[in-house]
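Notes for the one structure printed next.
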Amino acid sequence: MFHAPDKYRILTGPLGSDPGSINNGAFEITMKRNEKAFVIASDGFAWEHVSVHMIKKGRAATPTWDEMCRIKDLFWDGEDCVIEYHPPKSRYVNNHKNCLHLWRPMGRDIPLPPTFLTGIKRQSTNKNA
């Protein structure tokens, strides 16, 4: 389920919104010391969406895989599947060179390849694990 983490919501300024905006708004998330993620979230037009860019040591930076995973876990449940699209060049738009996006269609499942194509999740044989 898509859920905006209100404790990170930007409340004032041009991107400010109140918790009544539910899943729509801007968010500032401290990732590490001197590193912040800025996220814009929305759930309109039958799509859940977050855009993410980072500020690291005072400079714009593209989020890493681990940073995108943390953002995914803040805005969606652990078992939700979301996608980072790489569209055809004819449909490509880049309004912010350090921004990545996560998408999930509302009311539809995202097809996934079989796990044997993506890696096998091994079960532990340790009974104490």
Can you tell me how far [atom2] of [Y] sits from [atom1] of [X], rounded to the nearest 0.5 angstrom?
{"X": "Glu84", "Y": "Leu100", "atom1": "CD", "atom2": "CG", "answer": "5.0 Å"}
{"X": "His3", "Y": "Trp76", "atom1": "NE2", "atom2": "CH2", "answer": "9.5 Å"}
{"X": "Lys57", "Y": "Glu35", "atom1": "NZ", "atom2": "CD", "answer": "7.5 Å"}
{"X": "Leu112", "Y": "Cys81", "atom1": "CG", "atom2": "SG", "answer": "4.5 Å"}
{"X": "Glu28", "Y": "Leu11", "atom1": "CD", "atom2": "CG", "answer": "11.0 Å"}

Exercise for review: Go through the steps to decide whether Phe27 and Ile10 satisfy the test side chain to side chain contact (heavy atoms under 4.5 Å, CB included), and finish with yes or no.
Suggested key: CA-CA 5 Å; Phe27 303 82; Ile10 296 173; 5.6 Å; no

Review point. Less than 4.0 Å between a side-chain N and a carboxylate O, is that true for Glu67 and Lys72?
Key: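 No, no charged N to carboxylate O under 4.0 Å.
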
Review point. Does the distance from a Lys or Arg side-chain N to an Asp or Glu carboxylate O, for Arg9 and Asp6, drop under 4.0 Å?
Key: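 Salt bridge flag = yes for Asp6 with Arg9.
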
Exercise for review: May I ask you to decide if Ser42's main-chain N or O and Asn23's side chain share a donor-acceptor pair within less than 3.5 Å?
Suggested key: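 Such a contact is absent between Asn23 side chain and Ser42 backbone.
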
**Study point:** Side-chain donor or acceptor of Asp77 paired with backbone N/O of Glu79 under 3.5 Å
**Key:**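 Between the backbone of Glu79 and the side chain of Asp77 there is no qualifying donor-acceptor contact (under 3.5 Å).
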
Review point. Where do Ala37 and Ile71 come nearest, in terms of heavy atoms and distance?
Key: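 So the minimum-distance heavy-atom pair works out to CB-CD1, 4.0 Å.
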
Point to revise | Note, Lys56 side chain near Asn34 side chain (heavy atom, < 4.5 Å) | key: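 The answer is no; the side chains never approach within 4.5 Å.
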
Point to revise | Pro105 vs Ile110 side-chain heavy atoms within contact, under 4.5 Å | key: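 A side-chain contact under 4.5 Å exists here.
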
**Study point:** Member of Val82, Asp43, Ile22 meeting the side-chain contact (heavy atoms from CB on, under 4.5 Å) criterion with Phe2
**Key:**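 Exactly one candidate clears the test, Asp43.
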
Point to revise | Pair listing, side chain to side chain donor-acceptor pair (under 3.5 Å) test, anchored in residues 89-111, at least two apart | key: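 Non-adjacent pairs meeting side chain to side chain donor-acceptor pair (under 3.5 Å): Glu48-Arg104, His49-His101, Thr62-Asn98, Asp80-Arg104.
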
Review point. Can you check side chain to side chain contact (heavy atoms under 4.5 Å, CB included) on Tyr8 and Leu74, steps first, answer last?
Key: CA-CA 10 Å; Tyr8 300 110; Leu74 284 171; 4.1 Å; yes

